[in-house]
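Working notes, beginning with the structure itself.
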2 protein chains.
Amino acid sequence: MDQNTDDVRRKRPSDRDLDAMDRKLLGVLVEDATTSYAELGERVGLSPPAAHERVKRLRRSGAIRRVAALVDPDILGKTLLAFVHVDTTGWGKTPALLAVEEYPEVEEIHSVAGDTCMLLKVRTESTHALEGLLARLYDTPGVKATRSYVVLSTYLERPVQPGTTSEWPTLVKGHE
Amino acid sequence: MDQNTDDVRRKRPSDRDLDAMDRKLLGVLVEDATTSYAELGERVGLSPPAAHERVKRLRRSGAIRRVAALVDPDILGKTLLAFVHVDTTGWGKTPALLAVEEYPEVEEIHSVAGDTCMLLKVRTESTHALEGLLARLYDTPGVKATRSYVVLSTYLERPVQPGTTSEWPTLVKGHE
DNA sequence: TCTTGTTGCCGAATGTAATTCTGCAATTAT
DNA sequence: ATAATTGCAGAATTACATTCGGCAACAAGA
């Protein structure tokens, strides 16, 4: 990745900035990253090479981290989704706890503010496997308690979306 | 998507079954779906057209739901990730609550078992935007309380992984 | 205000990869 | 034993990705 560092005085968008066209491109690509550059260009109002160049820049800048196939967990046999709150004695974000990354059942590991310390999103093929993962967590020094929220059903599950909401309706109403 | 329904008497793997080769292909594609079929075939031990055909079947069967560009939330300006537990009076999974899907800040909506009813994963550009979203939630009939777990930092965040753990170490030790 | 430099676009051209097709071997069913 | 089906590899064809050159617009400097 080449670093452009002599552009700091310009007013033009640098690699760090995203303009409206970039966001439109991202909007298409988070939905379907197999879209051809012909189709992509047509949808955002660019020629294919121009779209190609912008996407290249978005990848280079890291705005697009990567392109991944999203798989159906049910077909993969991973039918049990749960969010696990992990309470720890002292600082919880230790290498020993983070080592659960090695298990493909673990999808997310966050440290959070509040009455819990770490929050994991895990997906297993059975309650037995969930139990095994929880046992593994308790085997970790510092872990004193876990609370699991087993998902009954999922209505929405999508990656980071490029759009933001410019005006929250209720806040506006509140000011009336 | 064409439906093959006259294969029910065969013992051969149907569209619903995944063999070891399929899982290897998926293992590569969840990491990088821009991998060429030449590279993909080489990594799993198939020719490019054979790899292509299997991937086509994986897409048709829904094992691969879609291919998406995963974007960097920080670059998109969405620096505040939070998990919101939503308590409701009565049944919480109502169309009114599910309607928050319209906001791109909402990435996940689950109904869960336990002391909370719904669990949302949301990502906003500011605490102010999070407040706006929470206000919108409270504006929804049936919502009586929310608890937000603001993420301080993320150590791991990846989509569904195709692998599973065949043997949980601690459970095995427990039987000794 | 003029000149220079930079950036991003488009169309054309080239290179690469995707996709299809054919033939064959293995497996399954009759 | 025979027929049908499936999945593979290699070759060929098609489609798309990528590069290049030229141009216009914009920004910076004199």
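What's counted below: heavy atoms across the whole structure, side chains too, no hydrogens, waters or symmetry copies. Numbers restart at 1 for each chain; the letters A, B, ... are given by sequence-line order, proteins then strands.
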Test side chain to side chain contact (heavy atoms under 4.5 Å, CB included), reference B/Met118, set B/Lys93, B/His85, B/His110, output is B/Lys93
For B/Pro104, the option from A/Val160, A/Val30, A/Thr165 that meets side chain to side chain contact (heavy atoms under 4.5 Å, CB included): A/Thr165
Over how many whole Å does the gap from [X] atom [atom1] to [N] atom [atom2] extend?
X       : N      : atom1 : atom2 : value
A/Arg54 : D/dA17 : CZ    : C1'   : 19 Å
A/Glu39 : C/dA18 : CD    : C1'   : 17 Å
A/Leu40 : D/dC16 : CG    : P     : 13 Å
B/Tyr37 : D/dG10 : OH    : P     : 18 Å
B/Leu18 : D/dG7  : CG    : P     : 13 Å
A/Asp19 : C/dC9  : CG    : C1'   : 13 Å
A/Arg59 : D/dT18 : CZ    : C1'   : 14 Å
B/Glu53 : D/dT5  : CD    : P     : 16 Å

So which heavy atom on A/Glu125 is nearest to which on A/Gly77, and how close? CB-O, 3.0 Å
Is a salt bridge present between B/Arg57 and B/Asp22, judged by a nitrogen-to-oxygen distance below 4.0 Å? no
Any carboxylate oxygen within less than 4.0 angstrom of a Lys/Arg side-chain nitrogen, looking at A/Lys144 and A/Asp87? no
Answer yes or no: are there more than 12 heavy-atom neighbours, outside A/Arg43 itself, under 6.0 Å from its atom CZ? no
Strictly below 4.0 Å: does [X] bring a side-chain N or O up to OP1 or OP2 of [N]?
X       : N      : value
A/His52 : D/dT18 : yes
B/Lys56 : C/dT20 : yes
A/Arg57 : C/dT7  : no

Assign B/Ser36 to base, sugar-phosphate, or nothing according to its heavy-atom contacts below 4.0 angstrom with the strands shown. sugar-phosphate
Please round to 10 degrees the angle between the axis of the first five pairs and the axis of the last five pairs in the helix from C/dT1-D/dA30 to C/dT30-D/dA1. 40°
If hydrophobic clusters are built by linking Ile, Leu, Val, Met, Phe, Trp and Tyr wherever their side-chain heavy atoms come under 4.5 Å apart, do A/Trp168 and B/Ile109 end up in the same one? yes
